[in-house]
Number of protein chains: 2
Amino acid sequence: MSVPVSLLGRAFTLLAVFTADRPCATLSELSRHSGLPLSTTHRLVKDLLAHRALERDADGRFWIGLRLYELGALSPGALDLRERALPYLEDLFEVTRHNVQLAVRDGLEVVYVERLSAVDAVSILTRMGSRMPLHATGVGLVLLAFAPHEVQEEALAAPLKRFTTHTISTPKALRSALATVRRDGYAISDRQIEPITYSVAAPVRNSSGDVVAAVSVVVPVETRTDTVLPAVRACGRAISRAMGWRS
Amino acid sequence: MSVPVSLLGRAFTLLAVFTADRPCATLSELSRHSGLPLSTTHRLVKDLLAHRALERDADGRFWIGLRLYELGALSPGALDLRERALPYLEDLFEVTRHNVQLAVRDGLEVVYVERLSAVDAVSILTRMGSRMPLHATGVGLVLLAFAPHEVQEEALAAPLKRFTTHTISTPKALRSALATVRRDGYAISDRQIEPITYSVAAPVRNSSGDVVAAVSVVVPVETRTDTVLPAVRACGRAISRAMGWRS
DNA sequence: AGGTCCGTTTCCGGTGAGTGGAAGACTGGG
DNA sequence: CCCAGTCTTCCACTCACCGGAAACGGACCT
């Protein structure tokens with residue numbers, strides 16, 4: 001295992017130890033998982049603590065700090081898109097009572113910038129800040145279908161990870177699905193991630209008409225998707241208008 | 001103006017140029033506002049871009065990048081508190097139809113970790129990730145009233161910034177208000193930030209019974225606070241239970 | 001077309017911030 | 001008490017980082 005020689009590279013390697021499955025870690029764990037020598041890790045952690053990028057709990061374990069939360073909240077996805085979209089996401093949540101998600105594209109992945117869910121909602125696989133492959137999610141299909149041509153070709157040439165027997169797993173199937181999304185103007189992801197859910201997704205456009213995000217509702221398979229589709233599409237349009245889009 | 005000599009210090013000084021009022025900046029602006037020489041700024045920005053901590057738009061301006069959003073979403077406030085609290089916040093939003101906020105304490109400030117609001121809600125002064133002084137907000141009063149004794153004394157000894165003629169601005173008034181909050185078990189902030197709103201806030205406790213967050217509703221002054229108070233308090237209790245609290 | 005201005009990018013010799021192995025300190029369990 | 005694991009401190013050495021200066025590129029003006 002090679003660690004970066006640059007200090008910033010090391011700092012980000014260290015921060016990458018934190019995941020949703022490992023939201024906190026001891027100094028030794030940080031050293032072990034990052035590959036950085038213990039004393040280097042110790043010094044780096046001390047600096048990150050000083051800058052509030054990390055914080056330490058009473059048991060001595062380290063967590064991502066509030067400063068990164070604050071900075072992250074200034075990113076375009078959070079500050080611009082989320083703040084404008086939130087009222088419409090809430091409306092969609094209220095009329096459907098199912099998980100509502102807002103996501104942007106980063107490379108060949110979806111990054112969720114918001115998720116509204118109920119206590120007894122059907123699926124809790126995604127979370128604010130989490131990632132999923134484009135090909136396997138409703139929002140991902142929408143974002144990919146309207147992405148630049150070279151992004152689509154890149155996704156079609158990449159391995160398509162399989163989650164269930166329904167996951168799109170050949171370039172041919174994906175190409176066909178993308179064409180369907182572009183024709184229809186929305187996507188229905190059928191049991192691609194979990195065998196018990198559909199995801200119904202619609203595009204969100206900016207003032208230039210580019211698709212910059214996607215909104216979706218995740219419903220149990222017993223739900224008829226056409227009962228939520230109009231609401232999802234209306235929500236996508238409402239957010240688009242809030243972003244300055246004119247049809 | 002003195003800039004840090006350490007690389008991490010410089011990186012964070014640079015990132016501090018980004019605020020809600022200046023969410024993006026050019027290279028020259030970053031250099032000017034951070035005090036770092038132009039070529040140092042350029043090199044640092046290039047590294048931060050490589051690590052996705054910054055991103056660049058089509059006009060060449062820099063923004064906080066998705067990587068910081070992802071990392072920030074792993075912080076305890078976002079990952080643990082927010083995810084557990086969200087369904088109850090949504091319930092509170094639904095029954096009150098007013099701005100709902102969830103906040104934690106950081107030093108002598110409140111940091112908002114979630115805000116749900118409607119298109120026509122009365123106040124939009126706060127935002128995910130933003131800060132306010134403890135003494136002047138409902139959630140701040142709650143967090144301070146139940147904070148360790150030395151934190152309370154520190155707040156009482158610090159300057160109390162005034163926002164309106166109603167803002168608590170003397171240590172005597174603050175001490176009295178804190179006693180009231182502790183006695184009542186909730187806080188009502190009367191026109192302290194804006195002359196048109198009240199904030200009604202209640203504590204959120206963890207499994208050890210410590211107050212680790214506060215939830216509030218912001219309502220117009222024409223609203224009788226006792227119409228929303230029970231719902232806010234119930235919400236605080238529900239989130240506390242989700243955090244493992246036992247009464 | 002040429003010139004000017006401003007913002008951005010590149011270059012490179014010099015240097016001090018950062019390094020990590022080793023030793024020491026601390027903590028908890030047997 | 002002993003042991004193992006975790007954390008903290010130390011310091012001679014080195015190379016990643018620095019920033020002034022030059023080059024580059026684009027927009028605007030005459």
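Sequence lines set the chain letters: A, B, ... in the order given, protein chains first and strands last, and positions in each chain run from 1. Side-chain atoms are counted along with the backbone in the values below, which use heavy atoms only and exclude waters and symmetry mates.
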query: Just how far, in rounded Å, is P of D:dT6 from CG of A:Asp59?
result: 15 Å

- request: For the pair A:Asp106 and B:Arg52, find out whether any cationic side-chain nitrogen is under 4.0 Å from an anionic carboxylate oxygen.
  value: yes

- prompt: Could A:Arg131 and B:Glu70 be called an ion pair, given the rule that one side-chain N must be under 4.0 Å from one carboxylate O?
  reply: yes

- line: Rounded to whole Å, NE2 of B:His33 lies from P of C:dG7 at a distance of 12 Å

task: Measure from CG on A:Leu38 to P on C:dG24 and round the result to the nearest Å.
output: 17 Å

- prompt: Side chain of A:Ser39, base of C:dG20: donor and acceptor closer than 3.5 Å?
  reply: yes

message: What is the separation between atom CZ on B:Phe62 and atom C1' on C:dG7, rounded to the nearest whole Å?
response: 11 Å

message: Both A:Leu7 and A:Glu29 contact DNA chain D. Taking the nearest nucleotide for each, which residue is further toward the 5' end?
response: A:Glu29

query: To the nearest Å, how far apart are A:Leu49 CG and D:dC7 P?
result: 13 Å

query: D:dT8 phosphate, OP1 or OP2: any side-chain N/O from A:His42 under 4.0 angstrom?
result: yes

statement: Closest of C:dT8, D:dC7, C:dA17 to the A:Ser28 side chain is D:dC7

- prompt: Is the distance from OP1 or OP2 of D:dC17 to the nearest side-chain N or O of A:Arg10 less than 4.0 Å?
  reply: no

- prompt: Quick one: B:Asp47 CG to C:dG18 C1', roughly how many Å, whole number?
  reply: 15 Å

query: Are the side chain of B:Thr40 and the backbone N or O of B:Leu36 linked by a donor-acceptor pair below 3.5 Å?
result: no

query: What is the distance from CG of A:Leu30 to C1' of D:dC7, rounded to the nearest Å?
result: 12 Å

query: Does a donor on one side chain sit under 3.5 Å from an acceptor on the other, for A:Thr126 and A:Gln101?
result: yes

- request: Give B:Arg61 one of three labels, base, sugar-phosphate or nothing, depending on what nucleic acid heavy atoms sit under 4.0 Å from its own.
  value: nothing

task: Send over the distance from A:Leu44 CG to D:dC7 C1', rounded to a whole Å.
output: 16 Å

- request: Using a cut-off of strictly less than 4.0 Å, decide whether A:Arg43 has a side-chain nitrogen or oxygen near OP1 or OP2 of C:dG18.
  value: no

A:Arg205 to A:Phe146, cation-pi by 6.0 Å centre distance and 45° axis angle: yes

statement: Contacts of A:Arg56 and A:Ser6 projected onto DNA chain D by closest heavy atom; the upstream (5') one is A:Arg56

